[in-house]
Amino acid sequence: GGIFCWYSSPSILNCQITGNSAYEGGGIYCNYSSPKIIDCIIIQNTGKYGGSGIYCYNSSSPKIANNTISKNGNDGIECQYKSSPTIINNIISENNDDGISCFSSSPFITNNIITGNGGYGINCYESSPSITNNIISGNSYGISCDYSSSPSITNNIILGNSQNGIDCYESSPSIYNNIITKNGTQYTYHYGIYNNSGNSIINYNCIWENGSGGNKNYYNCSAGQNDISSDPQFVGGGDYYLGTSSPCIDKGLNAAPAI
């Protein structure tokens with residue numbers, strides 16, 4: 001692999017980490033380690049069994065900030081076994097599998113652009129991350145919550161993913177202040193929020209035009225009391241700020257984290 005951290009916490013700054021391979025963590029492997037990984041380009045690495053870009057294992061909690069993590073062989077970032085990295089202000093794109101994968105881990109995922117990944121934008125398995133203020137677009141699925149996962153999903157834009165925007169199985173996410181739109185539009189049985197089982201808490205979201213025909217916003221769950229279903233009216237041209245006449249303005253819950 002590129003960099004291997006074992007019971008250590010180096011600062012990895014302004015590096016280009018590319019073309020490496022390993023069983024896990026082709027770009028950077030963290031085991032009982034919490035390095036600072038900042039302003040790096042981490043591309044085209046391969047991890048045979050996971051975490052091609054960055055692999056966080058065994059209570060590793062690195063700070064991962066301001067990086068481009070792209071075109072890696074499977075997951076861009078993988079968090080395993082009680083790892084809680086802070087993942088902030090990164091571009092995580094075009095990785096072959098998930099953008100971020102969490103297994104029994106609870107990272108803080110904030111202000112990232114997570115786009116064009118072959119699997120889930122964010123995959124949570126027995127994990128409860130904080131997912132706040134991200135743009136999650138153009139992935140196979142937006143966010144997956146599986147097997148006793150209880151993530152907090154707040155203030156995100158989840159749009160244009162080819163299948164479900166949020167996919168829930170035996171999990172209880174809290175879903176507040178998000179814009180979830182135009183997910184799964186090419187498929188008959190895909191939705192904005194797909195709740196196979198579990199108890200999702202849903203409120204203060206704009207959930208609009210998901211699924212084929214644009215009328216599949218919720219499956220096996222109901223709109224929150226303060227949810228709306230209207231065109232959010234983005235500025236456009238890849239700019240996801242709201243236009244001045246957007247119906248989403250002042251419709252959120254002020255107690256949610258600020259953007």
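Shortest non-hydrogen contact noted between I193 and C221 is CG2-SG, 3.9 Å. E24 and Y29 make their closest contact through O-CD1, 3.3 Å (heavy atoms, listed as atom of the first residue, atom of the second, distance). The two residues N90 and N112 come nearest to each other via the heavy atoms N-OD1, 2.8 Å. When all heavy atoms of I17 and G27 are compared, the closest pair comes out as CG2-O, 3.6 Å. Taking both residues in full, the closest heavy atoms of S101 and D75 are given as CB-OD2, 3.5 Å, listed atom of the first, atom of the second, then distance. Contact detail for G53 and I42: the closest heavy-atom pair is O-CG2, 3.8 Å.
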Stepwise ring-ring contact (aromatic ring centres under 6.0 Å, His included) test for Y57 and Y81: CA-CA 6 Å; Y57 188 67; Y81 298 110; 5.6 Å; yes
Pair N74-N96, side-chain hydrogen bond (donor to acceptor under 3.5 Å, both in side chains): steps then yes or no: CA-CA 5 Å; N74 43 54; N96 284 356; over 6 Å; no
Check against side chain to side chain contact (heavy atoms under 4.5 Å, CB included), C145 and I153: CA-CA 10 Å; C145 311; I153 303 171; 4.1 Å; yes
Chi angles and distances behind the side chain to side chain contact (heavy atoms under 4.5 Å, CB included) call for I202, N195: CA-CA 11 Å; I202 303 168; N195 185 53; over 6 Å; no
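Note on F103 and I92: separate hydrophobic clusters, where clusters join Ile, Leu, Val, Met, Phe, Trp and Tyr whose side-chain heavy atoms are under 4.5 Å apart, directly or indirectly. Under the 4.5 Å side-chain contact rule for hydrophobic residues, I87 and I3 share a cluster. Clustering ILVMFWY residues whenever any of their side-chain heavy atoms sit less than 4.5 angstrom apart, transitively, puts I114 in a cluster other than the one holding I157. Residues I135 and I109 do not share a hydrophobic cluster, clusters being chains of Ile/Leu/Val/Met/Phe/Trp/Tyr side chains in contact below 4.5 Å. Y55 and Y32 fall within the same hydrophobic cluster, defined by Ile, Leu, Val, Met, Phe, Trp and Tyr side-chain heavy atoms under 4.5 Å apart, directly or through other members.
Other residues, nucleotides and ligands place no more than 12 heavy atoms under 6.0 Å from the CG atom of D250. No more than 12 heavy atoms of other residues, nucleotides or ligands shown are found within 6.0 angstrom of OH on Y189.
Atom CG of N139 is separated from atom CG of D97 by 11.0 Å, given to the nearest 0.5 angstrom. The OG atom of S11 sits 10.0 Å away from the NZ atom of K63 when rounded to the nearest 0.5 Å. Atoms CD and NZ, on Q44 and K71 in that order, are 6.5 Å from each other to the nearest 0.5 Å. Here N123 contributes atom CG and C102 contributes atom SG; the two are 7.5 Å apart, rounded to the nearest 0.5 Å. Distance check: S52 OG to I28 CD1 gives 12.5 Å after rounding to the nearest 0.5 Å. Residue K82 holds its NZ atom at 8.5 Å from OG of S104, rounded to the nearest 0.5 Å.
Using a distance-only test at 3.5 Å, with no hydrogens or angles considered, a donor-acceptor pair links the side chain of N95 to the main chain of N72. Although no hydrogens or angles enter the test, the distance criterion places a donor-acceptor pair under 3.5 Å between the side chain of S149 and the main chain of D146. Side-chain N or O atoms of N178 include none that pairs as donor or acceptor with a backbone N or O of N205 at under 3.5 Å. No side-chain donor-acceptor contact under 3.5 Å links S148 to the backbone of E126. In this structure, the side chain of T181 engages the main chain of W208 through a donor-acceptor pair within 3.5 Å. The closest donor-acceptor contact from the side chain of S197 to the backbone of E170 lies under 3.5 Å. Between the side chain of S127 and the main chain of Y125, a donor-acceptor pair closer than 3.5 Å is present. Under a 3.5 Å cut-off, the side chain of S83 and the backbone N or O of S105 do not form any donor-acceptor pair. Between the side chain of S60 and the main chain of C30, a donor-acceptor pair closer than 3.5 Å is present.
Partners of S128 according to the side-chain hydrogen bond (donor to acceptor under 3.5 Å, both in side chains) rule, which considers only residues two or more places apart in sequence or in another chain, do not exist here.
Each of N254, N226, N155, N133 was evaluated against N177; a single residue qualifies, N155, per the side-chain hydrogen bond (donor to acceptor under 3.5 Å, both in side chains) test. Test N161, T185, N217 against N210 for side-chain hydrogen bond (donor to acceptor under 3.5 Å, both in side chains) and you get one pass: N217. Of the residues listed (Y169, Y219, Y187), the one engaging Y194 in a ring pair (Phe, Tyr, Trp, His ring centres under 6.0 Å) is Y219, and it is the only one. Among T115, N111, T110, N156, the single residue meeting the side-chain hydrogen bond (donor to acceptor under 3.5 Å, both in side chains) criterion with N134 is N156.
Taking the six-membered ring where tryptophan is involved, the planes of Y120 and Y141 are tilted, since the angle between them lies from 30° to 60°.
Side-chain contact between S229 and I207 is absent, with no heavy-atom pair separated by less than 4.5 Å. Within the 4.5 Å cutoff, side-chain heavy atoms of F234 are placed close to those of I179. Two residues are said to be in side-chain contact when any heavy atoms from C-beta on lie closer than 4.5 Å; Q233 and P247 meet this criterion. Residues N183 and I158 are in side-chain contact: their nearest non-hydrogen atoms beyond the backbone lie under 4.5 Å apart. In this structure the side chain of I201 reaches within 4.5 angstrom of the side chain of Y176, judged on heavy atoms. Counting heavy atoms from C-beta on, the side chains of I113 and S93 never come closer than 4.5 Å. For the pair F108 and I88, the minimum side-chain heavy-atom distance is 4.5 Å or more. Put simply, the side chain of N203 does not reach to within 4.5 Å of the side chain of L253, judged on heavy atoms.
Using a 3.5 Å distance cut-off with no hydrogens or angles, the side chains of T132 and T154 do not pair a donor with an acceptor.
For the salt bridge (charged side-chain N to carboxylate O under 4.0 Å, His left out) condition, the pairs that include at least one residue of residues 171-190, sequence neighbours left out, are K182-E209.
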Distance-only donor-acceptor pairs under 3.5 Å for side chains of residues 33-40, two or more places apart:
{"from": "S33", "atom 1": "OG", "to": "C5", "atom 2": "O", "distance (Å)": "3.1"}
{"from": "S33", "atom 1": "OG", "to": "W6", "atom 2": "N", "distance (Å)": "3.4"}
{"from": "S33", "atom 1": "OG", "to": "Y7", "atom 2": "N", "distance (Å)": "3.0"}
{"from": "S33", "atom 1": "OG", "to": "S8", "atom 2": "N", "distance (Å)": "3.0"}
{"from": "S33", "atom 1": "OG", "to": "S8", "atom 2": "O", "distance (Å)": "3.1"}
{"from": "S33", "atom 1": "OG", "to": "N31", "atom 2": "O", "distance (Å)": "2.9"}
{"from": "S34", "atom 1": "OG", "to": "S61", "atom 2": "N", "distance (Å)": "3.1"}

